[in-house]
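Please read these numbers as outputs of a predicted model, since none were measured by experiment.
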Amino acid sequence: MNRQTKFYSAALIFLSIIFAPAAAYRPFGVEDAGVAGRGVGQVEMSWDNLQWRNGDTEDIILLAPILGVTDRLELSLEIPYMFHNPAGGGAQNGLGDINAVGKYLLYDEGPRLPAFALKGVVKTATGNKSAGLGSGDIDYSFIAVASKCLDRFVLHSMFGYTIMGKDGNSGIRNIFQYGIAADFKAAENLNLVFELAGYQHPDRSVTDNPLYCLLGAILKISDKVTADAGVRLGLTESAAVRDI
């Protein structure tokens, strides 16, 4: 496999431990409009193995506790522990940049219209930038989401904008991101998933924007536990360089 078609994420394997029925779910990167619900607590855990075009690899273990504050508002944290392995040596590991997340359901799904939600994310600077574990600055993201059920399909779409922490670097710009996703109920306990998503490259000197697709599956083990797996593929040259 040549460099232009190398996996953006060679393999992504997730285990989600859910303490109540969940609306938001992995392995999607595209957001959905579902919220946990009043008083509902959830915990998601995942492992990502990433391969970059320059030969670097990363493993990320993510813990994401979620709390439903009201029937329409949920709050969560995304806490990554990273193993950064540069191709030239000097491996580092430690806490990455923690995300503080809020999502609000604006409209419930109707017979014709999809459900709509707004999501806000504050990416902190908890990761060590010099060790390759963080960006060294704070970012703010705002995302609009729509989800619609069509028979055995559930469709999702999102569009967002991120105010990038530039850390004194004038070559960094604010970016937009977008994506569409589909969840197909193939069997009683098995769903097949697909997404296509991308974002504007934050480096002003780069004109090629990252674009990737995801193919995966979700297996319902019980009412409280689901397991899912997927492969994310880079479709453009810059898709294998994620530096935000």
Side-chain angles (χ1 to χ4, degrees), residues 8-9 23-36 44 48 50 60 62 64 66 69 72-80 96-109 113-127 129 134-148 154-182 194-214 232 234-244:
Y8 167 53
S9 299
Y25 49 91
R26 299 182 181 276
F28 287 130
V30 172
E31 187 58 58
D32 68 282
V35 293
E44 294 182 352
D48 293 3
L50 310 178
I60 304 173
L62 183 69
I66 303 168
V69 180
R72 294 186 175 274
L73 174 66
E74 73 173 29
L75 302 177
S76 63
L77 292 175
E78 297 170 350
I79 307 170
D97 290 340
I98 295 174
N99 289 340
V101 184
K103 184 162 65 168
Y104 187 81
L105 177 63
L106 290 174
Y107 300 105
D108 294 308
E109 180 180 351
L113 294 178
F116 289 97
L118 293 178
K119 179 178 179 179
V121 182
V122 178
K123 187 197 72 61
T124 69
T126 51
K129 180 181 179 180
S135 70
D137 215 329
I138 298 174
D139 303 340
Y140 302 91
S141 297
F142 307 92
I143 303 167
V145 187
S147 295
K148 179 65 176 173
V154 182
L155 306 179
H156 310 291
S157 64
M158 74 172 193
F159 185 84
Y161 186 76
T162 297
I163 301 172
M164 300 290 295
K166 299 176 175 57
D167 196 25
N169 185 352
S170 61
I172 299 298
R173 62 186 169 193
N174 299 334
I175 64 171
F176 60 82
Q177 61 258 32
Y178 58 90
I180 57 173
F194 168 81
E195 76 175 13
L196 181 69
Y199 58 92
Q200 185 180 27
H201 202 289
D203 188 337
R204 294 181 184 275
S205 65
V206 177
T207 57
D208 179 61
N209 292 320
L211 179 67
Y212 64 87
C213 71
L214 171 79
R232 195 182 307 275
L235 301 179
T236 59
E237 181 66 26
S238 63
V241 182
R242 186 181 180 94
D243 52 7
I244 59 175

Roughly how far apart are [X] [atom1] and [Y] [atom2], rounded to 0.5 Å?
| X | Y | atom1 | atom2 | value |
| --- | --- | --- | --- | --- |
| Tyr199 | Phe176 | OH | CZ | 12.0 Å |
| Asn99 | Leu77 | CG | CG | 9.0 Å |
| His201 | Asn209 | NE2 | CG | 8.0 Å |
| Asp208 | Thr236 | CG | OG1 | 4.5 Å |
| Leu118 | Leu106 | CG | CG | 4.0 Å |

What is the minimum heavy-atom distance between [X] and [Y], and which atoms define it?
| X | Y | result |
| --- | --- | --- |
| Asn174 | Ile163 | OD1-CA, 3.4 Å |
| Gly165 | Asp137 | C-OD2, 3.4 Å |
| Leu196 | Cys213 | CD1-CB, 4.2 Å |
| Glu195 | Ala181 | CB-CB, 3.7 Å |
| Ala197 | Val30 | CB-CG2, 4.0 Å |
| Phe28 | Ala182 | CZ-O, 3.6 Å |

Is the side chain of [X] donor-acceptor paired with the backbone N or O of [Y] at a distance under 3.5 Å, no angle test?
| X | Y | result |
| --- | --- | --- |
| Asp97 | Gly127 | yes |
| Asn169 | Gly171 | yes |
| Lys103 | Ala36 | no |
| Arg173 | Met164 | no |
| Ser147 | Ala115 | no |
| Asp139 | Thr162 | no |
| Ser141 | Val121 | no |

Review point. Should Glu78 and Lys123 count as an ion pair when the cut-off is N to O under 4.0 Å?
Key: no

Exercise for review: Applying salt bridge (Lys or Arg N to Asp or Glu O under 4.0 Å), name anything that partners Asp108, two or more places apart in sequence or on another chain.
Suggested key: Arg72

Check your understanding: Can you name the residues that form a salt bridge (Lys or Arg N to Asp or Glu O under 4.0 Å) with Glu109, not counting sequence neighbours?
Key -> Lys148

Review point. Are there more than 12 heavy atoms of other residues, nucleotides or ligands under 6.0 Å from atom OH of Tyr107?
Key: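 Count not over threshold, so no.
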
Does some side-chain heavy atom of [Y] sit less than 4.5 Å from a side-chain heavy atom of [X]?
| X | Y | result |
| --- | --- | --- |
| Asp48 | Leu62 | no |
| Ile138 | Val122 | yes |
| Met158 | Lys119 | no |

Practice item. Using only heavy-atom distances, determine whether the side chains of Ser205 and Asp203 contain a donor-acceptor pair under 3.5 Å. Key: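 Result is yes, a qualifying pair exists.
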
